[in-house]
Amino acid sequence: DGGITQSPKYLFRKEGQNVTLSCEQNLNHDAMYWYRQDPGQGLRLIYYSQIVNDFQKGDIAEGYSVSREKKESFPLTVTSAQKNPTAFYLCASSIGRPSNTEAFFGQGTRLTVV
Amino acid sequence: GQQVMQIPQYQHVQEGEDFTTYCNSSTTLSNIQWYKQRPGGHPVFLIQLVKSGEVKKQKRLTFQFGEAKKNSSLHITATQTTDVGTYFCAGGGSYIPTFGRGTSLIVHP
């Protein structure tokens, strides 16, 4: 089945630790995105990538880092510099053309800092 | 940058009543999409509108794109409990979808 997979579904992290969230897609999409969702805040863009080996900061990139070494993979690292990391993280992909920005989402990772 | 505003933030309805959510952009959009997120789930694509004044229907859902391509609406006729969730619009101007904050629909049986 084609789709986008995020893992793990739930993640607990101690303060001061870095943690990496996985995102893999087999839709052959060029563009991939990471969003953060907090209650009442909608979807806020963290990082995005249009092609392999290239990525750009979104609206709330501070405290996060990404890589795009393969077309299929776009992992997100939440670093200890992120002041309030507890949130629901959503990865998405799209064809990557302005004429069609239909986004396909993964199931999400719910990160809790303990 | 591009901003997409969505109202209302919450809407309570009795089952069988109609529901409408509105999306407004500060800039002209090349297209607009609508997504539904069930409680505890992830956003799922519903539809994309591209043409000025376009109207599309999916069963009880009616989607409209404004003549100026700066606003859009989603109307649900005779809501059901299965309609519960948050509805997001997302505007396309570049290849990055910009999401509104969403409207959470609560349907009371």
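Values reported hereafter were calculated over all heavy atoms of this structure, with side chains retained and with hydrogens, waters and symmetry mates removed. Residue numbers start from 1 in every chain, and the chains themselves are labelled A, B, ... in the order their sequence lines are given, proteins ahead of strands. What you are looking at is a predicted structure, and each value in this text was computed from that prediction instead of being measured.
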- Task: Answer with yes or no whether the side chains of B/T21 and B/W34 bring together a donor and an acceptor at under 3.5 Å.
- Result: no
Against chain B, residues from residues 105-114 of chain A with at least one heavy atom under 4.5 Å, in numeric order, are A/F105, A/G106, A/Q107
Item checked: In one Ile/Leu/Val/Met/Phe/Trp/Tyr side-chain cluster, 4.5 Å: A/M32, A/I95 -> no
Do other residues, nucleotides or ligands put more than 12 heavy atoms under 6.0 Å from the OH atom of B/Y22?
-> no
- Query: Does a donor on one side chain sit under 3.5 Å from an acceptor on the other, for B/Y35 and B/Q37?
  - Reply: no
With chain A, the option among B/G41, B/P43, B/S104 that has the most non-hydrogen atom pairs under 4.5 Å is B/P43
Check: Does A/T79 use its side chain to pair, donor to acceptor, with the backbone of A/A81 at less than 3.5 Å?
Finding: yes
Whatever's closer than 4.5 Å to a heavy atom in chain B on A/Q37 counts as side chain
Honestly, the part of B/Q6 sitting under 4.5 Å from a heavy atom of chain A is neither
Exercise. Tell me yes or no: between the side chains of A/H29 and A/S94, is some donor less than 3.5 Å from an acceptor?
Key: no
Bottom line for A/Y35: the part with an atom under 4.5 Å from chain B's heavy atoms is side chain
Notebook entry, point to check: Does the side chain of A/L76 come within less than 4.5 Å of A/C23's, by heavy atoms?
Noted result: no
Just by distance, no angles: are the side chains of A/E24 and A/S73 close enough, under 3.5 Å, to form a donor-acceptor pair? yes
If one checks every heavy atom of A/L45 against chain B at 4.5 Å, the contacting part turns out to be side chain
So, the part of A/A31 with a heavy atom under 4.5 Å from chain B: the answer is side chain
Rounded to the nearest 0.5 Å, the CZ atom of B/F63 sits from the CG atom of B/L46 at a distance of 5.0 Å
